[in-house]
Amino acid sequence: MLCYEDYKQAADCILERAGFAPEIGLILGSGLGGFSECIENKVEITYGEIPNFLRSTAVGHAGKFILGTVCGKKVACMSGRFHYYEGYDFEELALPSRVFRLLGVRALLATNAAGAVNKSYKPGDIMIISDHIKLMGASPMRGANDERFGPRFFDNSHTYSPELRAIARQEGEKSSLTVHEGVYFFMPGPQYESPAEIRAIRMLGGDAVGMSTVTEALAAAHCGLPFMALSVMTNMAAGVLDQPLTSEEVIETAKRIEGPFEEYVKSILRRI
Ligand code: HPA
């Protein structure tokens, strides 16, 4: 288990290499790492160079920190995130948000690829996450609590910042993309869900399903870091259409909307 000093050491290394303090943190999801291309005056640090950091193994995830400026804002961007299905424990997945907290960012914005459970959504649509459902597994905050991050028992009613979501909704109206707001249902993967699981998720109130983001959201809520996440509907969830799901479809849809999605994320960044 990492302790406060371990996270601090990771953050200090990033700050020293970057030579500046970032204002906003970004975590880019599967097939959505292209956003890092629009970062100017880049400093790149591979995860392996950062003490106590985890290693990214997922396809479509580069595995590096990219620091620089976008739309005049100083950003620290994780291109490549960590997932439970890679073999990490939930407790280990608290790391990114805690490091962002110690970098001193005022907001953390995550993107992800997700399957559309809500039948009125279409591939290529965006969903601003309003809330999540995670019924399985442990919490990233399980185990000894460090009060320097947050209290033992912590609130989860504003995990997805209402202020940041309002900005995302307003910018969504101006975007060429179709932007919804809804509930993200966490599933552990790496298998895609069964059609029966998707029917159950729909009955339980999930609008989209994915294998990431919720651990980062919980760790951000614990340490009081304003958090927001955007899901790209890369496919209709299992059983909605009579066709198998593939990771190629996920990456292809993410690539298809890359341009407008980049513009959308930038329009939000300008206002944070
Ligand atoms: N299920 C889970 N994770 C996903 C999906 C899906 O359908 N699409 C992209 N990530």
Side-chain angles (χ1 to χ4, degrees), residues 26-35 56-63 78-88 90 93 96 109-137 140 160 177-218 228-258 260-261 264-265:
L26 290 166
I27 302 178
L28 306 178
S30 305
L32 301 166
F35 184 81
S56 178
T57 68
V59 178
H61 289 258
M78 273 178 67
S79 182
R81 64 145 58 86
F82 308 111
H83 308 79
Y84 177 71
Y85 65 72
E86 292 175 78
Y88 301 113
F90 279 102
L93 298 174
L109 198 161
T111 65
N112 66 45
V117 173
N118 186 320
K119 289 183 186 171
S120 73
Y121 293 5
K122 291 188 202 59
D125 288 358
I126 310 300
M127 186 186 85
I128 303 163
I129 301 184
S130 60
D131 203 346
H132 71 239
I133 302 174
K134 178 176 98 66
L135 297 181
M136 68 79 60
Y160 301 88
L177 297 163
T178 302
V179 178
H180 311 275
E181 190 165 20
V183 174
Y184 180 90
F185 198 105
F186 173 82
M187 286 292 273
Q191 70 283 357
Y192 290 119
E193 300 69 35
S194 70
E197 284 169 338
I198 294 300
R199 287 195 298 275
I201 289 169
R202 191 176 299 117
M203 279 195 276
L204 289 171
D207 294 299
V209 61
M211 308 171 192
S212 69
T213 307
V214 169
T215 48
E216 295 145 11
L218 290 171
M228 196 194 87
L230 301 171
S231 291
V232 176
M233 301 300 109
T234 51
N235 55 281
M236 296 312 290
V240 176
L241 306 174
D242 188 21
Q243 62 184 50
L245 295 187
T246 63
S247 60
E248 286 76 21
E249 179 185 1
V250 169
I251 302 293
E252 262 170 44
T253 311
K255 287 281 158 247
R256 174 161 68 77
I257 57 123
E258 198 168 31
F261 188 61
Y264 178 47
V265 173

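Note that ligands are numbered from 1 as they come in the structure, with each ligand's atoms numbered from 1 the same way. Everything quoted here is computed from the prediction, not taken from an experiment.
Within 4.0 Å of ligand 1, the residues that place a heavy atom are Ala113, Ala114, Gly115, Tyr192, Glu193, Val209, Gly210, Met211, Thr234, Asn235, Leu245, Val250, listed by chain and number.
The pair Lys255-Glu252 does not meet the salt-bridge criterion, since no charged nitrogen lies less than 4.0 angstrom from a carboxylate oxygen.
Side-chain contact between Ile201 and Met187 is present, with at least one heavy-atom pair separated by less than 4.5 Å. The shortest side-chain heavy-atom distance between Glu193 and Phe185 does not fall under the 4.5 Å cut-off. Taking 4.5 Å as the limit, every side-chain heavy atom of Ile126 sits out of range of all side-chain heavy atoms of Thr178. The closest side-chain heavy-atom distance from Tyr264 to Val179 is below 4.5 Å. Within the 4.5 Å cutoff, the side chain of Phe35 has heavy atoms near those of the Leu26 side chain.
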